[in-house]
S.K.: 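Okay, handing you the structure first.
First listed ligand is number 1; within each ligand, the first listed atom is number 1. Worth saying up front: this structure is predicted, and the values here are computed from it rather than measured. Along the sequence shown, residues carry numbers from 1.
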Amino acid sequence: MFFMKLHDCYVSANAFKRLMEASKIIGENSPSPKRAKNNVAKEGSSKDTTKKHYWKSGLSQAITDAENIIQSSDTVVIIKDKYPKAKFHYLVIPKQVQLNSARELTRSHINLLKEMQEKAEGLVKDCHPKTMFKIGFHAKPSMDHLHLHVVSTDFVSTCLKTKKHWNSFNTEHFLDLPELISKLEEKGNLDGYYPTDKDIELYLKKPLKCNQCSFEAKTMPSLKEHLNAHAQSNSKM
Ligand code: AMP
Ligand code: ZN
């Protein structure tokens with residue numbers, strides 16, 4: 001395991017070297033891999049099946065590119081989400097495990113999940129000590145290769161566009177990691193706990209409820225405006 005500390009945040013030695021080579025200025029609280037300037041690809045944009053398959057495997061590709069890596073150990077990689085749904089959004093990705101969703105997790109994965117949790121909480125503590133985060137899995141991920149979301153709860157981002165985006169993080173579709181680990185510790189698997197496809201469909205169609213007050217928005221633009229107002233008043237506190 002080899003980490004380097006940079007501006008109070010850990011980055012891999014490889015990423016650090018590349019960042020230095022590029023003379024990139026990194027914000028005090030935001031570990032930042034080099035990003036493509038003209039990133040024209042749209043999230044989940046292809047209808048063609050072959051392209052869709054290729055798209056779905058994007059995370060396996062992303063973790064092999066040192067430029068994306070915020071932190072790396074023998075078992076786990078942390079990258080920034082390429083289409084962040086909040087001010088800060090990371091993905092913690094196990095290197096060796098060939099699972100595509102949390103549905104397949106069993107007792108045998110508990111140690112790995114605890115390591116992922118430790119890495120996620122460490123990143124938050126080191127780099128965003130004053131920011132609230134959610135840490136968990138999407139019940140029905142759009143991308144292959146198991147990935148843990150570490151996302152700030154402001155949900156202020158131009159990439160947050162659809163009802164599905166919102167509800168995927170703010171309904172029972174989002175499986176909090178500590179609860180998932182305790183279910184595995186109790187039973188050894190997630191049978192009976194994991195939402196069915198029908199449940200998931202309903203969760204993703206739920207009304208747009210604010211995660212910080214009782215407001216219910218009629219449209220995504222009004223929810224986004226409302227979330228911006230929360231963010232602005234939170235920043236004054
Ligand atoms: P999920 O719905 O749980 O499968 O989430 C997949 C996440 O991966 C989304 O938040 C996307 O924004 C993100 N994503 C998609 N492609 C990439 C990529 N190439 N590199 C980093 N993040 C990605
Ligand atoms: Zn609110």
S.K.: Given 3.5 Å as the limit, does a donor-acceptor pair link the side chain of Asn68 with the main chain of Ile79, or not?
M.R.: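 Side chain of Asn68 to backbone of Ile79, a donor-acceptor pair under 3.5 Å: no, none is there.
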S.K.: May I ask you to check whether Lys140 has an N/O atom sitting below 3.5 Å from an N/O atom of ligand 1?
M.R.: no
S.K.: Report, rounded to 10°, the angle at the Zn ion (ligand 2) between the two atoms NE2 (His226) and SG (Cys213).
M.R.: 100°
S.K.: Less than 4.0 angstrom from a charged side-chain N to a carboxylate O is my criterion; do Lys119 and Glu115 meet it?
M.R.: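 A salt bridge is present here (some side-chain N lies under 4.0 Å from a carboxylate O).
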S.K.: Would His147 count as a contact residue for ligand 1, given that I'm defining contact as a non-hydrogen atom of the residue lying under 4.0 Å from a ligand atom?
M.R.: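 Contact check His147 vs ligand 1: positive.
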S.K.: For the CD atom on Gln61, are there more than 12 heavy atoms of other groups (residues, nucleotides or ligands in this structure) within a distance under 6.0 Å?
M.R.: no
S.K.: With heavy-atom distances below 4.0 Å as the criterion, list the atoms of ligand 1 near Lys85.
M.R.: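 In order of numbering, the contacting atoms are 10 (O), 12 (O).
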S.K.: Going by the angle between their ring planes, with limits at 30° and 60°, are Phe215 and His226 parallel, tilted or perpendicular?
M.R.: parallel
S.K.: Under 4.0 Å from any heavy atom of Lys80, which atoms of ligand 1 are there?
M.R.: 21 (C)
S.K.: Within the 4.0 Å heavy-atom shell around His149, which atoms of ligand 1 are there?
M.R.: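 Those of ligand 1 that fall under 4.0 Å from His149 are 1 (P), 3 (O), 5 (O), 7 (C), 10 (O).
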S.K.: Looking at Phe169, I'd like to know if the NZ or CZ of Lys134 sits under 6.0 Å from its six-membered ring centre while staying within 45 degrees of the ring's axis.
M.R.: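 No - Lys134 does not lie over the ring of Phe169 by the 6.0 Å and 45° rule.
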S.K.: Looking at ligand 1, does any of its N/O atoms fall within less than 3.5 Å of an N/O of Leu91?
M.R.: no
S.K.: When hydrophobic residues are tied together by side-chain contacts of less than 4.5 Å, even through go-betweens, does Val150 share a cluster with Leu177?
M.R.: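 Both belong to a single hydrophobic cluster.
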S.K.: Apply the test side chain to side chain contact (heavy atoms under 4.5 Å, CB included) to residues Leu113 and Met116: give CA-CA distance (whole Å), side-chain angles for both, the deciding distance (0.1 Å), then the verdict.
M.R.: CA-CA 5 Å; Leu113 292 171; Met116 290 167 78; 4.2 Å; yes
S.K.: Can you list the ligand 1 atoms lying under 4.0 Å from a non-hydrogen atom of His138?
M.R.: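 The list of qualifying atoms is 1 (P), 2 (O), 3 (O).
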S.K.: Would you mind listing which atoms of ligand 1 come within a distance below 4.0 Å of any non-hydrogen atom of Ala62?
M.R.: 20 (N)
S.K.: What do the steps show when you test Tyr90 against His128 for ring-ring contact (aromatic ring centres under 6.0 Å, His included), and what is the final call?
M.R.: CA-CA 12 Å; Tyr90 304 95; His128 310 286; 5.7 Å; yes
S.K.: Are any of the N or O atoms of His89 closer than 3.5 Å to those of ligand 1?
M.R.: no
S.K.: Can you list the atoms of ligand 1 that are under 4.0 Å from a heavy atom of Ile79?
M.R.: 21 (C)
S.K.: With the Zn ion (ligand 2) at the center, what angle do SG from Cys210 and NE2 from His230 span, rounded to 10 degrees?
M.R.: 100°
